[in-house]
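Read the numbers this way: they start at 1 and go in the same order the structure lists the ligands and their atoms. On a predicted model such as this, the values are computed, not experimentally measured, just so you know.
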Amino acid sequence: MAIEIEQFMCREDNFGILLRDRDTGEAALIDAPEEAPILAAIERTGWKPTTLFITHHHVDHVEANLALKERFKLRIVGPEAEKAKIPGIDDTVEGGSVIPFGGEKIEVIFTPGHTAGHITYHLPKAKVAFAADTLFALGCGRLLECPPPIMFESLKKLAVLPADTAVYCGHEYTLSNARFALTIDPTNEALQVRVKKIEALRAEGKATLPTTIGEELATNPFLRWADPAIRKNLGMENAADVDVFAEIRKRKDNF
Ligand code: ZN
Ligand code: FE
């Protein structure tokens, strides 16, 4: 793969992401949760970012924008719909935008739900997606600015990416998501196996990300609205997909 990715922890449970195109040496950041760990990652890898790609306006994703811009003179790219709330933004993108990056191209997928303008950055050639707070391992983002049908449509866009697409997320929430997922989908053997792996990783203090689209389709209840066993468990055998999704999201909010 021509794209190299350095994932590291910031704040309490945020992920920082530094990526580089091996052929051209071009490097970029996805979100700016905290300055010090980002500087450490740049130092460790030697990859000097020229662009900062922002997924959404929350402070735990943009806090270091101005400090990093000052230090590296980097260009900040973010969602058009949230430009007023993103410090230092230079260029805006929206669903369908294509951004050249080294020998790759980054396609922007509009994935509102967690926030009204949230975007996902997808590199189809490298088969990588940076979904931040839209899709988590075994979870999805809280619906802070949108009703369930909006997030449902966004998750459907991610669900149809190739199954071997690596998905990087905004937070290490996987263990608590796993405990909830078992209440929705208790008979899913793939989920049971995955939860054991997650518990082992967290016991060693290791990250559970990235995940893949295929793994999420098999185990993430927020993508499994059509699954007969889940529908039966919820008593929603004949409900619309979007209503099954909304019910699962509601239960997670109260979990
Ligand atoms: Zn957020
Ligand atoms: Fe976040």
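- In this structure a side-chain-to-backbone donor-acceptor pair under 3.5 Å is missing from Asn65 to Ala32.
- The ND1 atom of His58 and the OD2 atom of Asp133 meet at the Zn ion (ligand 1) at an angle of about 170°, given to 10°.
- The one candidate from Leu29, Ile106, Asp31 that meets the side-chain contact (heavy atoms from CB on, under 4.5 Å) condition with Phe53 is Ile106.
- None of the N, O or S atoms belonging to His114 lies under 2.8 Å away from the Fe ion (ligand 2).
- Under the 4.5 Å side-chain criterion, counting only non-hydrogen atoms from C-beta, Val128 is in contact with Tyr168.
- Taking the side chain as every heavy atom from C-beta outward, Leu52 and Lys69 never approach each other to under 4.5 Å.
- By the 30° and 60° cut-offs, the orientation of the rings of His61 relative to His56 is tilted.
- Ring-plane geometry between Phe245 and Phe152 is classed as tilted, the angle between the planes lying from 30 to 60 degrees on a 0 to 90 degree scale.
- Contact annotation: His114 places an N, O or S atom under 2.8 Å from the Zn ion (ligand 1).
- Atom OD2 is the N, O or S atom of Asp60 at the shortest distance from the Fe ion (ligand 2).
- Taking 2.8 Å as the threshold, His61 counts as a candidate ligand of the Fe ion (ligand 2), since one of its N, O or S atoms lies below it.
- When the Fe ion (ligand 2) is compared with the N/O/S atoms of Asp133, atom OD2 turns out nearest.
- Nearest to the Zn ion (ligand 1), among the N, O or S atoms that His56 has, is NE2.
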